[in-house]
Amino acid sequence: LAEEFQLTDEMKAAIGVESKPWPYEVTTTSVRAFARGVGYTDRIYYDEEFAKSQGFRSLPMPPTLVATAVFDPEKSDHRFSGPRGTLPQFESPFKRLLDGGTETEYFDTICAGDKLTATSKITDMRSRPGQLGTMLFTTTETTFRNAEGKVVAIQRGTSITY
Amino acid sequence: MAAKFNDVKEGTEIPQLKKNCSTQQLVMWAAGSGDFYQVHYDLPFAKSTGLDNIIVHGALKHAFLGQMLHAWIGNEGKIVKFGCSYRGMDFPDQDIVCHGLVTKKYEQDGKKLVDLEIWTENPEGRKTSPGTATVALP
């Protein structure tokens, strides 16, 4: 049976702390790679001239892709390619990981050529019993800003450790 | 043809999108998304974490739902808000059917908006990635 788990003081202290900004890019190559991964055949995600003829600055970002975190071999997470250690770190008994879900709000069209910065913070942490034992649900909110500082998207993701 | 606000009816389903991932597609997705977690391509690793099989990335199912919405709204429509949660696992070489049901259409701040319930369904008919979306239509 799943046991009750109480958040540690370290975990509670991590909630709400905002990370330093991390650079993100959208490039024609990243849009095409993402579109191939999903299986799109729409030329809007592959052919820049066609995208421009449809009124876009360049290849537009396909749904769910906001931008790609710029990879730094010293500072990025090698498994997930995003920033590592920019949020407060804490000890946790849960070592295994699943993705719980994601929601994104879009405030502007994002296209190849855009350079964004993102900041993240943990907004919620709670444990509950799940299929694989006691699970810790962590919600992280990431805010993406464009070069002018305008918020272009906010993404809320839930990770599950167990 | 892309959806037009005036033609949309509450309570109707939008065209479904049927997907079926090969392991090759999961690797292409790993490269495109930057998610190289081994549970999505390394069977012994997946089993060592308590899973029965390689699993399809939750974010890929989310992106499939995005592909269904894109096919429906075309390039003139815009996704305003869109999310789903990953409630059940899906596996390679099995059908994943994306569904969308129009729950509400309304005008707000000069925009013509449509809310949908969206989900992916596995071969047993279980909703493995339920969520909601709001789109703006011409």
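Quick caveat, the model's predicted, so the values are computed rather than measured. Just so it is clear: chains get the letters A, B, ... in the order the sequence lines come, proteins before strands, and each one is counted from 1.
- Among A:A33, A:G55, A:P63, A:G100, the residue with the largest count of heavy-atom pairs under 4.5 Å with chain B is A:G100.
- Interface remark: A:F56 contributes side-chain atoms only to the contact with chain B (heavy atom separation under 4.5 Å).
- Listed options A:L97, A:V31, A:L98 were ranked by heavy-atom pairs under 4.5 angstrom with chain B; first place goes to A:L97.
- With a 4.5 Å cut-off on non-hydrogen atoms, B:I55 touches chain A through its side chain but not through its backbone.
- The cluster map of Ile, Leu, Val, Met, Phe, Trp and Tyr, joined by side-chain heavy atoms under 4.5 Å apart, puts A:F90 and A:L7 in the same cluster.
- Under a hydrophobic clustering in which Ile, Leu, Val, Met, Phe, Trp and Tyr are joined whenever their side-chain heavy atoms come within less than 4.5 Å, directly or via other members, A:V17 and A:L136 fall into different clusters.
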Determine which donor-acceptor pairs between chain A and chain B fall under 3.5 Å and list them with their distances.
residue, atom, partner, partner atom, Å
A:G37, O, B:Q25, NE2, 2.9
A:V38, O, B:K19, NZ, 3.0
A:V38, O, B:Q25, NE2, 3.0
A:G39, O, B:Q67, NE2, 3.3
A:Y40, OH, B:Q67, N, 3.3
A:D42, OD2, B:H70, NE2, 2.7
A:Y45, OH, B:H70, ND1, 3.1
A:R79, O, B:F36, N, 2.6
A:S81, OG, B:G34, O, 2.6
A:R96, NH1, B:T49, O, 3.2
A:G100, O, B:Y86, N, 2.8
A:T102, N, B:C84, O, 3.0
A:T102, O, B:C84, N, 3.0
A:T104, N, B:F82, O, 2.9
A:T104, O, B:F82, N, 2.9
A:Y106, N, B:V80, O, 2.9
A:Y162, OH, B:T49, O, 3.3

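- Hydrophobic clustering (side-chain heavy atoms under 4.5 Å, transitive across Ile, Leu, Val, Met, Phe, Trp, Tyr) keeps B:V80 apart from B:V114.
- Proximity to chain B (any heavy atom under 4.5 Å) is restricted, for A:I44, to the side chain, taken from C-beta onward.
- One hydrophobic cluster, built from ILVMFWY side chains closer than 4.5 Å, holds both B:L17 and B:L116.
- Between chain A and the residues B:G58, B:A59, B:G34, the largest count of heavy-atom pairs under 4.5 Å involves B:G34.
- When each of A:F71, A:F107, A:F34 is checked for heavy-atom pairs under 4.5 Å with chain B, A:F34 comes out on top.
- Neither the backbone nor the side chain of A:I154 has a heavy atom closer than 4.5 Å to any heavy atom of chain B.
- With a 4.5 angstrom heavy-atom cutoff, B:L60 touches chain A only via side-chain atoms.
- Between chain A and the residues B:A133, B:A30, B:G83, B:A31, the largest count of heavy-atom pairs under 4.5 Å involves B:G83.
- Follow the hydrophobic side-chain contacts under 4.5 Å out from A:L116 and you reach B:I79 in the same cluster.
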